[in-house]
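To start, the structure itself, in C-alpha cells.
Note that these values count all heavy atoms, side chains included, but never hydrogens, waters or copies made by symmetry. Protein chains get the first letters and strands the later ones, always in sequence-line order, with residue 1 at the start of each.
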2 protein chains.
Amino acid sequence: LMRKFCVYGKGGIGKSTFVSNVAAALAEEGQRVMVMGCDPKADTTRNLMGRRIPTVLDVFRAKGPEGMRLEDVIFQGFNGVICVEAGGPEPGVGCAGRGVMTAAEMLDRLGAYEEMKPDVMIYDVLGDVVCGGFAMPLKNGLAEDVYIVSTCDPMAIYAANNICKGIKRFSRRGKVSLGGIIYNGRSVVDEPGIVEDFASRLGTHVIGRMPMSDIIPRSEIRRQTVLQYAPKSEIAGIFRELARAICMNEERASPTPLSDEELDLMNQEI
Amino acid sequence: LMRKFCVYGKGGIGKSTFVSNVAAALAEEGQRVMVMGCDPKADTTRNLMGRRIPTVLDVFRAKGPEGMRLEDVIFQGFNGVICVEAGGPEPGVGCAGRGVMTAAEMLDRLGAYEEMKPDVMIYDVLGDVVCGGFAMPLKNGLAEDVYIVSTCDPMAIYAANNICKGIKRFSRRGKVSLGGIIYNGRSVVDEPGIVEDFASRLGTHVIGRMPMSDIIPRSEIRRQTVLQYAPKSEIAGIFRELARAICMNEERASPTPLSDEELDLMNQEI
Ligand SMILES: Nc1ncnc2c1ncn2[C@@H]1O[C@H](COP(=O)(O)OP(=O)(O)O)[C@@H](O)[C@H]1O
Ligand SMILES: Nc1ncnc2c1ncn2[C@@H]1O[C@H](COP(=O)(O)OP(=O)(O)O)[C@@H](O)[C@H]1O
Ligand code: SF4
Ligand SMILES: [Mg+2]
Ligand SMILES: [Mg+2]
C-alpha cells in the first residue's frame, strides 16, 4: 500500500530541506520513495538530483499532453529517490495551485504511479497562501496526511494556522488529516516550547525537530542532501529519526485552528 | 490628480510597517491618504486604527453587495488616514487574488474614490506567489507604480524577482512600472549592497532604507505607528524621508528579471 503525505509551510521555512533528507533516509532503509515538488520555485529535488530538473508544466507547455513522455519529467536521484517537479505557471498569469493538479493528473495519465510503484509518495507544497489553488492537494485527496513545518516566527505560525483551516475544511470529507508539526530551529528565536504549545492547542503534536545546523547550507551549496554530504553526522542521524517518526506515526487530527485574536495574543508573548 | 502605488513583497518582509508609517507621514504633510490592505492577513491598517477593522470581503459575505454601505468598510485612522482592508476568501477556497479585485470593484461601486477624494492611494499586496490572482492589481492598473520591499535574504530576493516578472509582463500595456526597491535592514544579514546590486541588475534603484529598529515592534505592541508612538525618534524621521522620496521619485522602469541560474549564483555569494 502506498503511503502518501504532503509537507506544507511558509516559503523558506525548511520544507524542501526536510523532504529531500527524509526521502533519502527512507530510501536508505529500502523504501521506494517518490518526491513531487509543488512549489513554483521548483527546487525541492535540487539536492537529490544535483541540479534543477525540467518541470511537468514546462514540458507540458513545450510538447503538449500528447508529446510528453514519462522520462521527460521523472528522474532518479540520490539513493534511487524518484524526483518530479510540478513547476508553476509563468509569473503573473494562471493559477499556481491549479498547476499542481495539472501536473499530478498528467503523471497519472502517463502511468507514473503504476510504472514507478512507490512505497512512499511525498508532496512538498507552498503554504504562504491557502487559497483554493494551493489547497487542491488537500481537497482532492492527493495525500492522506499533512505535516506542517514551522519555526516560532509569528509569520510561520500564522501560515501554519491558515493551513490548518484548510485541512479542517477538507477533513470533514474524510480525505485528509493533520499528522503533526515539524519544528525547525533555524529561526532567530529558538523556542520549541512555543510551537509545542501551539501544536497542542491545534489538537496535534510536534512529531520531530530539525536543529539549526551549518551542515545544511554547506551540503546545499554542493547540491547534495545532508545524507550524501555528511552521512555519519549527527544531523544525518536526526533526519533518519524523523523519517522513522513519520513512518511510525499513528496520530491523525482534524485540527482546531486558532482565531486571529488568539494568534495576536500568542505573538505578543513571543 | 490621485497618485496610486502598490507595495509588494514576501509575507513578513515589512510591507505594512512601510505602508502604515509612510501613509502617516504623508498625512502629516497635509496629503489626504487612503490605504488598502490587500494581504489576506488583513493587518495592514492595524497600527493606523489601533485595532483590526472588518474587511470588504467579510462584509460582502455577511450583507451582500446590496446591503453594504461605505461606512461598513471605510474607517479613519491616525492623522486622518483612510483605512480599508480587502480581506481574503476563507482558507482553502476561492482565489485570494480575485478577492482583491472584488474588494476594489466594490469600493468603486460604493463611490469610495469620489467620496473620499484621496490625493494618494496605497495598496499593500502580498507577493509570495505571483499568480494570476495576486498579479491582478498589476494587470488591471489598480496602481501605476510598484515598490517592492526586500531584505538580502535569498527568499526575499527570489520573491522580488518574481514580482518583477509579473510587472514586466504587464508593463508592456503601459499600465504599470517599477518605481524602486525599499531595502529593509531587519534580516539576520544586513548588507544593503547586495540589494543595491540586485536593483541595478533589474534596471531600477533602491529608493530608501528602513533600518532595523526596536521602536518598530514596540510601537506595534501598542497598535500604533512609529509616528504616533515616537514622533521625534530618528526612525520616525526616516519614514518622513521615505515618504518624500516616494513623492519625488521620477524613475520608472520595466524591470529585467534575473534568470533562475543568475539567482542561484547570487544566493551562493550571500
Ligand atoms: N535547520 C536548518 N539549519 C540551517 N539552515 C536551514 C535549516 N533549515 C533550512 N535551512 C536553510 O533555509 C533555506 C530554506 O530552506 P528550504 O528547505 O529551501 O525551505 P522551503 O522549501 O520551505 O522554501 C535553505 O537555504 C536551507 O539551507
Ligand atoms: N526594520 C524593522 N525593524 C524591526 N522590526 C521590523 C522591521 N521591519 C519589520 N519589522 C517587524 O517585522 C514584522 C513583519 O512586518 P510587516 O510590516 O507586518 O510585514 P508584511 O506586511 O510584509 O507581512 C512586524 O512584526 C514588524 O514589527
Ligand atoms: S487560487 Fe490561489 S494560486 Fe490560484 S490564482 Fe488565486 S491566489 Fe493564485
Ligand atoms: Mg522548497
Ligand atoms: Mg502586512
Side-chain angles (χ1 to χ4, degrees), chain A residues 10-13 39-43 46 51-52 88-99 126-136 138-139 153-156 158-159 161-171 176 186-188 217 220-221 223 257 260-261 263-264 267-268 270, chain B residues 10-13 39-43 46 51-52 88-99 126-136 138-139 153-156 158-159 161-171 176 186-188 217 220-221 223 257 260-261 263-264 267-268 270:
Chain A
K10 199 178 148 47
I13 204 74
D39 181 332
K41 194 161 193 272
D43 64 351
R46 206 184 76 147
R51 62 191 169 88
R52 282 176 176 272
E90 292 295 316
V93 289
C95 172
R98 209 169 304 126
L126 189 65
D128 280 293
V129 182
V130 189
C131 51
F134 279 104
M136 279 204 196
L138 307 176
K139 194 164 38 184
D153 289 331
M155 289 304 295
Y158 167 75
N161 197 59
N162 263 351
I163 295 162
C164 286
K165 285 181 186 170
I167 296 169
K168 185 178 163 120
R169 172 181 292 274
F170 298 116
S171 64
V176 76
R186 67 165 306 221
S187 121
V188 181
E220 188 170 272
I221 284 183
R223 294 164 187 259
D260 280 341
E261 287 63 37
L263 274 184
D264 278 353
N267 288 342
Q268 301 246 332
I270 293 176
Chain B
K10 197 177 151 49
I13 203 74
D39 181 331
K41 193 160 192 267
D43 65 350
R46 206 185 76 150
R51 63 190 169 91
R52 282 176 178 272
E90 293 295 315
V93 289
C95 172
R98 209 169 304 124
L126 189 65
D128 280 294
V129 183
V130 189
C131 50
F134 280 104
M136 279 205 197
L138 307 176
K139 192 161 47 184
D153 288 332
M155 288 306 294
Y158 166 77
N161 197 57
N162 263 349
I163 295 163
C164 286
K165 286 181 185 172
I167 296 169
K168 188 183 161 97
R169 175 182 289 276
F170 298 116
S171 64
V176 76
R186 66 166 304 224
S187 116
V188 181
E220 188 170 272
I221 283 182
R223 293 166 187 254
D260 280 342
E261 289 63 41
L263 274 184
D264 278 353
N267 287 342
Q268 302 245 334
I270 294 177

Contacting moiety of [X], where chain B heavy atoms sit under 4.5 Å:
X: A/V129; value: side chain
X: A/R51; value: neither
X: A/I221; value: both
X: A/L126; value: side chain

Item to check | chain B interface, residue from A/G99, A/C131, A/A159, A/G88 that has the most non-hydrogen pairs under 4.5 Å | outcome: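 Going by pairs under 4.5 Å, I would pick A/C131.
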**Asked** Given the options A/A156, A/A42, A/G92, A/G94, which has more heavy-atom pairs under 4.5 Å with chain B than any of the others?
**Response**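 Most heavy-atom pairs within the cutoff with chain B belong to A/G92.
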How long is the gap from CE on A/M155 to NZ on B/K41, to the nearest 0.5 Å?
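One gets 5.0 Å once the value is rounded to the nearest 0.5 Å.
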- Item | Which of B/E261, B/K139, B/R52 touches chain A most, by non-hydrogen pairs under 4.5 Å |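 Most heavy-atom pairs under 4.5 Å with chain A: B/R52.
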Item to complete: Report yes if some heavy atom in the side chain of A/E220 is under 4.5 Å from a heavy atom in the side chain of B/N267; otherwise report no.
Response: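 Sidechains of B/N267 and A/E220: no contact.
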For A/K165 and B/E90, what are the C-alpha separation, side-chain angles and deciding distance, and is it a side-chain contact (heavy atoms from CB on, under 4.5 Å)? CA-CA 8 Å; A/K165 285 181 186 170; B/E90 293 295 315; over 6 Å; no
Point to revise | Partner set under salt bridge (charged side-chain N to carboxylate O under 4.0 Å, His left out) for A/D128, not counting sequence neighbours | key: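 A/D128 satisfies salt bridge (charged side-chain N to carboxylate O under 4.0 Å, His left out) with A/K10 only.
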Check your understanding: How would you list, by chain and number, every residue that makes a salt bridge (charged side-chain N to carboxylate O under 4.0 Å, His left out) with B/D153, sequence neighbours excluded?
Key ->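 B/D153 satisfies salt bridge (charged side-chain N to carboxylate O under 4.0 Å, His left out) with no other residue.
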